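Beneath this line is the structure, given in structure tokens, with notes to follow.
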Amino acid sequence: MALVAGIGITLWATTPELALPERAIIVHVQNRTSETIPTVEIGYANVDTEQHTTLLQLRAGETRTITLNHEPGLGYNIEAHLADGRVLDICGGRHPESRVMREVITRDSILSGIGQP
């Protein structure tokens, strides 16, 4: 049993972390409102594809991290559909120098930037 555990720990410790594909970005979406946001929609396109990602029931204070099959710097549209019926939208992700984006949803706007929220 100790031998199996030792082999498992060795494999875990020496296995390299998988790198992101060349055309991928990480987006952190954070709800800084006091209410659950029913839906957050992210739309993005390349020359020959169009994709949409929908986040459901983003709780107050919650941050969700997603990976988009999208080239850094090309940007994406993000819409937050608030519980009172209002829709906030912004074109984010236009930072070619970073593959990690953040979208912070407040009561009145979406703040877009790079890095962790």
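Computation of the quantities below employed the complete heavy-atom set of this structure, encompassing side-chain atoms and omitting hydrogens, waters and symmetry-equivalent molecules. Note that the structure is predicted; figures quoted are calculated from it, not measured.
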ask   = Under a single-linkage definition using a 4.5 Å side-chain heavy-atom cutoff for Ile, Leu, Val, Met, Phe, Trp and Tyr, are I114 and L74 assigned to the same hydrophobic cluster?
value =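 Different hydrophobic clusters.
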Give a yes-or-no answer on whether the side chains of [X] and [Y] include a donor-acceptor pair shorter than 3.5 Å.
X    : Y    : answer
H28  : T65  : yes
T36  : Q57  : no
Y76  : Q51  : no
D108 : T106 : no
H81  : E79  : yes

One should read off an interatomic distance between R32 CZ and E62 CD, to the nearest 0.5 angstrom, of 14.0 Å
With side chain to side chain donor-acceptor pair (under 3.5 Å) as the criterion, how do T54 and E41 come out once you've worked through the C-alpha distance, each side chain's angles and the decisive distance to 0.1 Å?
CA-CA 5 Å; T54 303; E41 297 179 10; 4.9 Å; no
Any donor-acceptor pair under 3.5 Å from [X] side chain to [Y] backbone:
X   : Y   : result
T33 : E35 : yes
R99 : A24 : yes
H70 : I25 : no

Please check if the number of heavy atoms outside R59 that lie under 6.0 Å from its CZ is greater than 12.
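Open: at most 12 neighbouring heavy atoms sit under 6.0 Å from CZ of R59.
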Notebook entry, point to check: Can Q30 and R102 be said to form a side chain to side chain contact (heavy atoms under 4.5 Å, CB included), step by step?
Noted result: CA-CA 8 Å; Q30 184 177 50; R102 70 171 177 266; over 6 Å; no
Any side-chain heavy-atom pair of D89 and N77 under 4.5 Å: no
For I66, the side-chain contact (heavy atoms from CB on, under 4.5 Å) test, sequence neighbours excluded, returns V27, I42, T53, L55, L68
